[in-house]
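Below, read A as the first sequence line, B as the second, and so on, with proteins coming before strands; counting in each chain starts at 1. Predicted model, so just to flag it, every value in this text is computed and none were measured. Note: hydrogens, waters and symmetry copies are ignored here, and every other heavy atom, side chains too, is used.
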Amino acid sequence: MQLSEQELIRRKKLEDLRTLGVEPYPAALYPVNHTSKKAKNEYEEGKQVIIAGRLMSARIQGKASFAELQDSEGRIQVYFNRDEICPGDDKTKYNDIFKKLIDLGDFIGIEGELFTTQVGEKTVMVKDFTLLSKTLRPLPLPKTDADGNIHDGFTDPELRYRMRYVDLVVNPQVKDVFVKRTKLFTAMRNFFNDKGYFEVETPVLQPIPGGAAARPFITHHNSLDIPLYMRIANELYLKRLIVGGFDGVYEFSKNFRNEGMDRTHNPEFTAMEIYVAYKDYNWMMEFTENLLEYCATQVNGTTEATFGEHKVDFKAPYARVTMTDAIKQFTGFDITGKTEDELRAAAVEMGIEVDDTMGKGKLIDEMFGEKCEGNFIQPTFITDYPKDMSPLCKAHRDNPELTERFELMVCGKEIANAYSELNDPIDQRERFEAQLALAARGDVEATEFIDQDFLRALEFGMPPTSGLGIGMDRLIMFLTNNQSIQEVLFFPQMKPEKKQVELNDDEKVVFEILKKQTPIALPTLKEAAGLSNKKWDKAIKGLTAKKVAKVEKTGDDLIVTAL
RNA sequence: GACUCGGUAGCUCAGCUGGUAGAGCACAACACUUUUAAUGUUGGGGUCCUGGGUUCGAACCCCAGCCGGGUCACCA
């Protein structure tokens with residue numbers, strides 16, 4: 001491994017510390033009794049405190065130094081005075097250990113007493129300090145000046161996401177986002193638990209991926225020798241639990257979808273789904289607006305939130321607009337009672353791309369998505385979706401073409417989706433079959449599996465139920481004013497970092513040829529390389545061992561492929 | 001997937017018309033006992049993303065690739 005100059009220096013300091021009898025990674029606990037925040041909030045002149053954290057800045061002025069210690073709750077200034085730390089003749093601990101061998105980023109423990117400096121900063125006068133863990137890599141060190149400007153920020157998104165641990169250390173505002181994320185989950189959980197609803201867990205590995213239309217990840221179970229799918233939704237399992245007699249069940253569900261990645265889509269994401277028996281979607285709308293008002297207040301202390309250029313207010317109640325009215329409002333077209341052909345013609349007139357795989361529901365959905373969706377900035381319930389795009393939703397009590405469904409739109413984006421759940425098992429079977437027909441017609445979004453066990457469960461009877469799903473990542477984006485999902489996930493999915501592989505000279509020769517033409521027949525490659533038999537054999541075996549090339553037998557031919 | 005912008009020191013970035021690779025922070029050395037983006041002096045540090053090509057000469061121009069950002073498409 002190639003080490004930078006600074007890394008070599010820090011490794012050398014490890015040795016020097018051990019020579020002086022200082023263990024850089026001590027085993028014993030350190031008896032911390034204050035955090036930086038507690039020391040400042042419960043400040044008393046002369047109070048003895050024991051704190052620990054990373055040393056994040058140092059202003060050395062000869063025999064005295066000011067430094068900043070950062071712990072989980074922030075930073076506090078610490079004052080190192082040579083004669084306080086080294087009351088006797090031996091000044092090694094200050095002169096050598098502190099000034100030379102401790103680096104920015106190191107974890108140290110400090111015993112000292114509180115005082116206030118001449119410039120009014122609450123500070124810990126260090127009486128003794130202990131190295132708790134040495135850091136071998138230099139941290140990026142953003143600095144904030146008197147005007148609040150950040151210099152030398154650690155801002156490159158790639159580095160920040162790949163090394164989130166560093167991001168969290170040096171960018172306090174990043175930590176705040178994740179604190180809020182956890183507050184949101186806690187708030188939602190409390191809201192549900194207070195009402196007596198029951199948090200459950202359902203399978204992530206599913207034999208049939210149901211409850212949504214999305215491409216799943218496929219895996220394989222060895223001893224059962226069957227394919228299993230990572231869940232794309234947990235809806236069908238939660239409804240089975242309503243069949244089983246729970247009045248209300250919810251789950252924070254990590255879902256996995258094998259689709260494109262961008263700033264609003266990560267392959268794994270978190271949804272919250274809740275199902276409540278004996279309710280309908282009207283009840284659920286009221287429940288949802290109360291829930292979000294509560295959550296926004298718990299997270300931000302206010303119902304108002306800023307998202308980009310928009311100010312939104314999560315205070316209940318929210319506007320309710322039917323999909324028909326929304327389309328009428330923004331396009332002037334009334335979808336009521338129209339045939340598929342009439343809808344298609346209207347869509348074309350609106351400048352929407354259509355094709356023959358689109359059914360009525362899809363056409364209406366496109367009209368809404370293209371012309372209406374973006375206009376709903378304040379939280380708005382869009383209700384009564386077309387039947388053939390909602391296969392798990394009960395038909396509307398007043399209009400059999402529609403369903404009792406709503407989505408909650410905020411800043412033109414969907415953050416929640418809810419139904420009066422379909423509990424007629426015969427209707428449900430027909431809807432699944434209609435989806436199969438759509439899939440056969442070429443609609444890649446239509447569900448192509450029928451979950452027979454779910455239908456069997458419904459045949460045992462499910463009470464009237466309303467269900468709600470909330471995209472937790474989207475919601476926290478709104479509550480923390482982040483435009484990108486990567487900012488609200490600790491570890492967003494990234495392409496793996498390419499590891500540098502060391503090749504010897506013969507291997508390089510072969511690999512260069514292989515890169516220009518891959519795959520290539522093995523004899524051709526061997527001839528082109530011009531190596532002796534022995535060298536050739538070593539080189540090609542070296543390349544396959546380092547997993548930069550592979551050799552495959554196709555019939556009688558050996559084929560070499562660069563990886 | 002398309003378009004577009006970027007990849008230079010540990011971090012943030014500059015680098016002119018193709019002509020010996022730069023700054024600030026960080027690091028090392030010295031000075032400095034109430035500073036706070038501490039300060040002053042001195043010094044070290046580079047696979048200019050990778051591989052080809054053009055050229056007397058490439059961080060810079062051309063081609064291919066890798067990684068990332070943004071926009072769009074896709075994604076109930």
Side-chain angles (χ1 to χ4, degrees), chain A residues 2-10 12-13 56-68 75 77-84 94 99-100 103-105 115-121 123 125 135-163 166 170 211-215 232-233 257-265 267 269 353 361-362 364-366 368-369 373 385-386 388-393 405 407 414 417 435 443-447 469 483-484 486 494-498 500 508 511-512 515-516 562:
Chain A
Q2 192 81 18
L3 294 178
S4 70
E5 183 196 29
Q6 293 194 41
E7 289 172 299
L8 291 169
I9 288 168
R10 289 188 179 213
K12 172 71 165 52
K13 288 178 180 180
M56 294 301 284
S57 74
R59 296 178 288 279
I60 294 176
Q61 301 171 73
K63 297 178 188 66
S65 308
F66 288 93
E68 278 180 301
R75 292 186 181 190
Q77 179 166 271
V78 292
Y79 175 63
F80 289 83
N81 182 305
R82 190 189 66 182
D83 298 326
E84 294 286 341
Y94 179 80
K99 273 173 71 178
K100 301 215 186 286
D103 285 302
L104 298 185
F115 77 109
T116 303
T117 63
Q118 289 180 359
V119 285
E121 180 99 14
T123 303
M125 166 90 71
T135 165
L136 295 182
R137 292 174 184 258
L139 284 168
L141 289 169
K143 294 216 164 96
T144 308
D145 68 19
D147 301 326
N149 303 312
I150 294 174
H151 302 262
D152 303 307
F154 182 60
T155 53
D156 182 339
E158 175 171 6
L159 290 172
R160 287 182 45 235
Y161 302 155
R162 287 195 193 280
M163 298 193 285
V166 174
V170 305
R215 280 178 66 191
I232 55 176
R257 297 187 181 177
N258 203 343
E259 291 166 351
M261 289 166 58
D262 59 33
R263 72 179 200 294
T264 57
H265 295 83
F269 65 98
E353 278 185 40
K362 183 79 182 161
I364 293 168
D365 186 42
E366 288 290 326
F368 180 76
E373 194 172 63
Y385 282 61
D388 60 345
M389 52 184 294
S390 312
L392 297 163
C393 185
R405 171 179 181 180
E407 288 193 357
E414 166 206 345
N417 184 17
Q435 286 289 304
D443 185 343
V444 291
E445 291 166 12
T447 309
Q483 309 284 326
S484 133
Q486 284 81 9
M494 307 281 282
K495 279 205 192 184
E497 288 178 82
K498 215 169 180 153
Q500 293 281 349
K508 278 182 193 159
F511 192 59
E512 282 309 313
K515 264 202 305 194
K516 281 178 197 149

Quick one: label A/R405 by what it contacts on the DNA or RNA (base, sugar-phosphate, nothing), any heavy atom closer than 4.0 Å. sugar-phosphate
Side-chain donor-acceptor pairs of residues 56-63 of chain A under 3.5 Å, sequence neighbours excluded:
residue: A/S57; atom: OG; partner: A/E68; partner atom: OE1; Å: 2.9
residue: A/R59; atom: NH2; partner: A/Q77; partner atom: OE1; Å: 2.8

Between the protein and nucleotides 10-14 of chain B, which nitrogen or oxygen pairs are less than 3.5 angstrom apart?
residue: B/rG10; atom: N7; partner: A/Q6; partner atom: NE2; Å: 3.4

So what does A/T117 hit on the nucleic acid, given a heavy-atom distance under 4.0 Å: a base, only sugar-phosphate, or nothing? base
Counting the atoms with a prime plus P, OP1 and OP2 as sugar-phosphate, which does A/K13 contact under 4.0 Å by heavy atoms, base, sugar-phosphate, or nothing? sugar-phosphate
Considering heavy-atom distances to RNA chain B, does A/E259 or A/K495 have its closest nucleotide positioned more toward the 5' end? A/K495
Distance-only polar pair, side chains of A/Q6 and A/S4, donor-acceptor under 3.5 Å: no
Rounded to the nearest Å, what distance is computed from the CE atom of residue A/M125 to the P atom of nucleotide B/rU34? 11 Å
What distance, rounded to whole Å, do you find between the two P atoms, one in B/rU33 and one in B/rU20? 45 Å
With a 4.0 Å cut-off on heavy atoms, is A/R10 in touch with a base, just the backbone sugar-phosphate, or nothing at all? nothing
Select base, sugar-phosphate, or nothing to describe what A/Y79 touches, counting heavy atoms under 4.0 Å on all strands. base
Expressed as a whole number of Å, how far does the P atom of B/rA21 sit from that of B/rC25? 24 Å
For B/rC13 and B/rG65, measure between their C1' atoms and round to the nearest Å. 26 Å
Suppose you measure atom P in B/rG45 against the same atom in B/rC60; what distance do you get, rounded to whole Å? 23 Å
Identify the pairs formed between an N or O of the protein and an N or O of nucleotides 70-72 of chain B at a distance under 3.5 Å, and give each distance.
residue: B/rU71; atom: OP2; partner: A/R263; partner atom: NH1; Å: 3.1

For B/rU71 versus B/rU8, give the span between their C1' atoms, rounded off to a whole number of Å. 27 Å
Flag as yes if A/H151 stacks onto the base of B/rA37 (centroids under 5.5 Å, planes under 30°), otherwise no. yes
Can you list everything that forms a salt bridge (charged side-chain N to carboxylate O under 4.0 Å, His left out) with A/E121? Sequence neighbours excluded, please. none
Closer than 4.0 Å, any side-chain N/O of A/K63 to the OP1 or OP2 of B/rU34? no
Expressed as a whole number of Å, how far does the C1' atom of B/rC16 sit from that of B/rG1? 38 Å
Side chain of A/Q118, base of B/rU35: donor and acceptor closer than 3.5 Å? no
Say we look at B/rC63 and B/rG22: how far apart would their P atoms be, to the nearest angstrom? 30 Å
Could you tell me the Watson-Crick or G-U partner of B/rC32, where both distances fall under 3.5 Å? Say none if there is no partner. none
Rounded C1' spacing from B/rG43 to B/rA9 in Å: 15 Å
Gap separating the CG atom of A/L8 from the NZ atom of A/K13, nearest 0.5 angstrom: 12.0 Å
Could you pull out all residues at least two apart from A/R405 that satisfy salt bridge (charged side-chain N to carboxylate O under 4.0 Å, His left out)? A/E407
Could you pull out the protein-nucleic contacts involving nucleotides 38-42 of chain B (nitrogen or oxygen on both sides, under 3.5 Å)?
residue: B/rA38; atom: OP2; partner: A/R59; partner atom: NH1; Å: 3.1
residue: B/rA38; atom: N6; partner: A/I60; partner atom: O; Å: 2.7

